[in-house]
Structures are given as structure tokens and as C-alpha cells.
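Computed from a predicted model, the values in this text were never measured in an experiment.
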Amino acid sequence: GLNIPMPDAPSKDTLKSIEKLKTLSGPAFDQAYIKEMVKAHKEDDKAFKEEAKNTTSPQLKEMVTQDLQMIESHQQQIQQIADSKGKAKS
């Protein structure tokens with residue numbers, strides 16, 4: 001295995017986003033959630049590309065390269081949803 005440490009809890013930014021979403025409902029929730037998903041997928045895309053570029057581990061490079069394909073697909077999907085709603089554009 002790769003023995004990569006995992007966080008014990010969500011980040012402060014993630015917790016802040018969750019708390020914000022808890023206060024919303026209906027279209028306001030949808031808009032905020034879509035915006036958060038667009039942002040999260042962009043951040044993940046950037047982080048995974050950086051790791052794929054810089055890692056010296058062949059196993060990790062293969063894993064992040066495969067995962068990056070899924071992230072990019074999800075990023076396109078959430079962007080299409082955002083565009084169709086006319087909200088949370090990139």
C-alpha cells in the first residue's frame with residue numbers, strides 16, 4: 001500500500017460550507033450547493049494534476065491519473081448543471 005495519511009476530520013473550509021448549507025433550503029440551497037461543487041471539483045482537479053506532475057511514486061501517479069479522469073468528468077457534469085441553472089458559473 002501507499003500508506004498515505006488521511007485527515008481525521010473535514011477541513012475548516014469544508015465545515016464552514018456545511019454549516020452554511022444547513023441554513024438553506026429550496027432554490028437557495030441548490031444554488032449554494034452547485035457553487036460549492038463547482039469550486040470543490042476545480043480545487044480537486046488542480047491538486048490531482050499537481051500530484052500527478054510532482055510525485056515520484058509510480059503507484060501514486062497511476063492512481064491520481066485515473067482519479068483525475070473521474071474528477072474531470074464530474075467537473076464537466078457539475079459545470080453543465082451550473083450552466084443550465086444559470087448559476088455558479090466558472
[atom1] of [X] to [atom2] of [Y]: how many Å apart, nearest 0.5 Å?
X: I34; Y: D83; atom1: CD1; atom2: CG; answer: 10.0 Å
X: S84; Y: Q79; atom1: OG; atom2: CD; answer: 10.0 Å
X: Q75; Y: M70; atom1: CD; atom2: CE; answer: 12.5 Å
X: H74; Y: D45; atom1: NE2; atom2: CG; answer: 12.5 Å
X: L68; Y: S73; atom1: CG; atom2: OG; answer: 11.0 Å
X: D67; Y: E62; atom1: CG; atom2: CD; answer: 10.5 Å

| Are the side chain of T55 and the backbone of A52 linked by a donor-acceptor contact shorter than 3.5 Å? |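 Not confirmed, T55 side chain does not pair with A52 backbone.
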| query | Is there a chain of hydrophobic side chains (I, L, V, M, F, W, Y, each step under 4.5 Å between heavy atoms) that links V38 to F29? | reply |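 V38 and F29: one cluster.
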| field | Lys/Arg-Asp/Glu bridge criterion (N-O < 4.0 Å) met for K22, E19 | value |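 Yes, charged N to carboxylate O under 4.0 Å.
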| Short N-O contact, E36 and K16, less than 4.0 angstrom |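 K16 and E36: not salt-bridged.
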Could you tell me if the side chain of [Y] sits less than 4.5 Å from the side chain of [X], heavy atoms only?
X: K49; Y: E72; result: yes
X: L60; Y: I4; result: yes
X: Q31; Y: L24; result: no
X: K85; Y: D30; result: no

| message | Is there a salt bridge (charged side-chain N to carboxylate O under 4.0 Å, His left out) between E51 and K46? Walk through the geometry before answering. | response | CA-CA 9 Å; E51 190 63 39; K46 181 179 177 182; over 6 Å; no
| query | At their closest point, which heavy atom of A32 faces which heavy atom of L21, and how far apart are they? | reply |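 Shortest heavy-atom contact: CB-CD2, 3.7 Å.
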| request: Could you pull out the closest heavy-atom pair between I78 and H41, with the gap in Å? | output: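 For I78 versus H41, the nearest heavy atoms are CG2-ND1, 4.2 Å.
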| Is there a donor in the side chain of T14 and an acceptor in the side chain of S11, or the other way round, less than 3.5 Å apart? |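 Yes, S11 and T14 have a side-chain donor paired with an acceptor closer than 3.5 Å.
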